[in-house]
Amino acid sequence: MAEGVTPQNEDYSRWYTDVVQMADMADYAPVRGCMVIKPYGYALWENIHDALDRRFKDTGHVNAYFPLFIPMSFFEKEAEHVEGFSPELAVVTVGGGEKLEEPLAIRPTSETIIGHMYSQWIKSYRDLPVLINQWANVVRWEMRTRLFLRTTEFLWQEGHTAHATSEEAVEETLRMLDVYTDFAMNEAAIPVIPGRKSDSEKFAGAINSYTIEAMMGDKRALQSGTTHYMGQNFAKAFDIQYLDQNNELQNCWTTSWGLSTRMIGAIIMAHGDDKGLVLPPRLAPIQVVIVPIYKNDEERVPVMEAADSRFQQLKAAGIRVKLDDRTECTPGFKFNDWEMRGVPIRMEVGPKDVANQSVVLARRDIPGRDGKSFVSWADLETQISELLVTIQKAIFDKALAFREAHTYNVETIEELTKAVDDGFAMAWWCGSRECEAAIKAATKSTNRCIPMDQPGGSGKCIHCGAESTEKAIFGKAY
RNA sequence: CGGGGAGUAGCGCAGUUUGGUAGCGCACCUGAAUGGGGUUCAGGGGGUCGCAGGUUCAAAUCCUGUCUCCCCGACCA
């Protein structure tokens, strides 16, 4: 733990697990596939939570909470849903020492129980739309787990809405896709591709699923958030019905959408480097860390005084700042320590700086001298605020340039096979399951999505050659 | 779930082949010196070897079972 992480180009997977642990984000729990989210990782999640929650409320949603336990029979009401989720359910069969009459599933997602409640709450067109979100933990018994990316239990938010018309529900589904896109781009600084999932990749029980797909540092794809248009599938299965203006009974149209702690994995892999995390300023638990530098007590007093004043100055300006006053570590140690934790700006305050009434600022995203600047105390909060914005944009641009450099327009299966070894492949696709499956079998890559942003025109399906109007993105995914 | 690897101090490991009662580095504690890129020296604390059972005078070491983690595949947010 004393030295650095495994370099990315040596073993990306190990780099990832090293960073997660050494940056103090999470630790392994004594239960298979479960993790402990440590305070630093949780602080990042809280910022993700706040940034999303704000957006949900701005778009008219409210929060509520539904139970962890769901009667097993609920899963059997929607055919595709039960098929999709049964294999990964954790089920409680004993309570209080007694075998339960009906086993209880621990929620893998809450469409069923929320659908059940909606059927009781919704009576009239005047009750619609219902726009509820919940922040919760869910459990999916996955085969293989990875910290943040796929854990047995994870935290997320799941929005569940019910509408009077198909149009409204579709609109809601796309609106939330926009919300996720906006969040990913502007808060997490991850250039995501919003798109529609193919039939075989969509959510169990949905008519259409949408995703924001991101490219990680190893050029693999990560589905970072999803929204689903359920049509009337769940409304019919759970009797979510209302009386319209003509006193006629109608089924609702429902949606659901979720974004999980996986987003933390996305942030780590989209921006991180061999020195550790690189956090986007808008989400970083600590935006500026102050490292005081002194040789002896004589220097220590004025340096600490100046450092503390800077701390107060930034804090008053609403900047998330930390003063690293540990006496047992050398400055060099602290530099590496905070770089590992991805703090966007390091402020060095030493005797020379005190004499000049200035500080040294070092950017996490630009190593070495190039990322350093000298800033006077006077307008420090302004300079830092601007620098945080600059860094936010810089890491976004860097991630975008990386993705673009590793995205290929391909016209043959051979080209596609080659492309997915080095990123994303964009290809005309006829939309058939057969072609999708064939491509998957031939290239070991999957259809990530059909981007919302289409080039227009038409071309020949990369597999069957049929005239196609949409391009799809293929890649190797997490 | 299939294939491979591994569980010994907080972390990383040696010791296991040839059973004899546990060691190294880092971290931690104390002191001194140091301090603008992972300081140095000295002293010190901490484990009974993933867990359960078995063989034996004796088990980290041999046997059986079990749990967990990592890597690669099939499935998934």
Side-chain angles (χ1 to χ4, degrees), chain A residues 1-4 6 11-14 16-18 20-22 27-35 83-89 108-109 137-158 180 197 200-204 209-214 221-228 256-266 275-276 291-300 303 326-340 346-354 359-360 362 367-369 371-372 374 440-441 444 446 476-478:
Chain A
M1 289 284 275
E3 293 300 317
T6 305
D11 185 338
Y12 198 83
S13 289
R14 272 189 63 192
Y16 178 78
T17 43
D18 282 357
V20 169
Q21 291 175 87
M22 290 176 71
D27 202 355
Y28 290 103
V31 180
R32 170 195 168 73
C34 293
M35 67 173 169
E83 197 183 318
F85 281 101
S86 288
E88 52 190 56
L89 282 185
T109 179
N137 58 337
V138 288
V139 168
R140 298 183 187 178
W141 218 261
E142 300 286 0
M143 299 298 176
R144 236 180 100 194
T145 57
R146 303 242 282 134
L147 293 169
F148 289 115
L149 298 178
R150 190 181 301 103
T151 45
T152 301
E153 178 188 8
F154 58 93
L155 303 183
W156 75 346
Q157 58 69 215
E158 48 180 326
Y180 286 157
K197 281 286 180 190
S200 53
E201 293 276 334
K202 73 184 185 187
F203 181 80
S209 284
Y210 299 85
T211 174
I212 49 172
E213 291 288 325
L222 185 72
Q223 179 174 319
S224 309
T226 46
T227 75
H228 313 290
S256 74
W257 26 276
L259 186 147
S260 74
T261 36
R262 169 179 267 195
M263 179 53 76
I264 293 177
K275 284 172 169 292
V291 178
I293 296 156
Y294 48 80
K295 286 191 175 58
N296 46 47
D297 276 0
E298 205 177 310
E299 288 181 356
R300 191 177 62 84
V303 163
R326 287 177 292 179
T327 53
E328 67 275 18
C329 309
T330 60
F333 180 89
K334 292 177 182 177
F335 293 171
N336 286 286
D337 195 29
W338 293 111
E339 277 163 4
M340 181 64 70
R346 178 181 73 239
M347 182 193 295
E348 302 173 16
V349 181
K352 296 174 206 163
D353 307 302
V354 174
V359 299
V360 176
R369 294 195 87 79
K372 287 200 179 189
F374 297 85
K440 186 173 176 178
K444 291 183 177 173
T446 51
K476 295 189 175 171
Y478 274 94

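We name chains A, B, ... by the order of the sequence lines, and we start the count at 1 in each one. What's counted below: heavy atoms across the whole structure, side chains too, no hydrogens, waters or symmetry copies.
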If I take atom CD from residue A:Glu158 and atom CH2 from residue A:Trp257, how far apart are they, to the nearest 0.5 angstrom? 10.0 Å
Can you check the A:Glu88 CD to B:C1 P distance for me, whole Å? 15 Å
Which whole-number value in Å describes the distance from A:Lys197 NZ to B:C76 P? 10 Å
Polar atom pairs between nucleotides 72-74 of chain B and protein, under 3.5 Å, N or O only, would you list them?
unit_1, atom_1, unit_2, atom_2, d
B:C72, OP2, A:Arg144, NH2, 2.9
B:G73, N7, A:Arg144, NH1, 3.3

Gap between atoms CG and C1', on A:Leu89 and B:C76 respectively (whole Å): 13 Å
Between P on B:A77 and CH2 on A:Trp257, what's the gap in Å once rounded to a whole number? 18 Å
Given atom CD of A:Glu201 and atom C1' of B:C75, what is their separation to the nearest angstrom? 11 Å
Is it possible for you to check whether A:Arg346 lies under 6.0 Å from the centre of the six-membered ring of A:Phe335, through NZ or CZ, and within 45° of that ring's axis? yes
Surrounding CH2 of A:Trp156 (heavy atoms of other residues, nucleotides or ligands, distance under 6.0 Å), is the total greater than 12? yes
Could you state the atom-to-atom distance from CE of A:Met35 to P of B:C70 in whole Å? 12 Å
How long is the line joining CG of A:Asp18 and P of B:C71, in whole Å? 10 Å
If you take all heavy atoms of A:Lys334 and A:Cys329, which pair is closest and at what distance? CE-O, 3.8 Å
Just to be sure I understand the rule, does A:Ser209 reach a base, reach only the sugar-phosphate, or reach nothing, if contact means heavy atoms closer than 4.0 Å? nothing
Using atom names, set out every protein N or O paired with an N or O of nucleotides 31-37 of chain B below 3.5 Å, distance rounded to 0.1 Å.
unit_1, atom_1, unit_2, atom_2, d
B:G35, O2', A:Tyr294, O, 2.8
B:G35, N7, A:Lys295, O, 2.5
B:G35, N2, A:Thr327, O, 3.2
B:G36, O6, A:Pro351, N, 3.2
B:G36, O6, A:Lys352, N, 2.9
B:G36, O6, A:Asp353, OD2, 3.3
B:G36, N1, A:Asp353, OD2, 2.4
B:G36, N2, A:Glu348, OE1, 2.9
B:G36, N2, A:Asp353, OD2, 3.3
B:G37, O6, A:Arg346, NH1, 3.3
B:G37, O6, A:Arg346, NH2, 2.6
B:G37, N1, A:Glu339, OE1, 3.4
B:G37, N1, A:Glu339, OE2, 2.8
B:G37, N2, A:Asn336, OD1, 2.9
B:G37, N2, A:Glu339, OE1, 2.6

Categorize A:Leu149 for me: base, sugar-phosphate, or nothing, with a 4.0 angstrom heavy-atom threshold over every strand shown. base
Go through the structure and list residues passing ring-ring contact (aromatic ring centres under 6.0 Å, His included) with A:Phe374, not counting sequence neighbours. none
Under 4.0 angstrom, heavy atoms only, what part of the nucleic acid is A:Phe203 near: base, sugar-phosphate, or nothing? nothing
Short N-O contact, A:Lys352 and A:Glu299, less than 4.0 angstrom: no
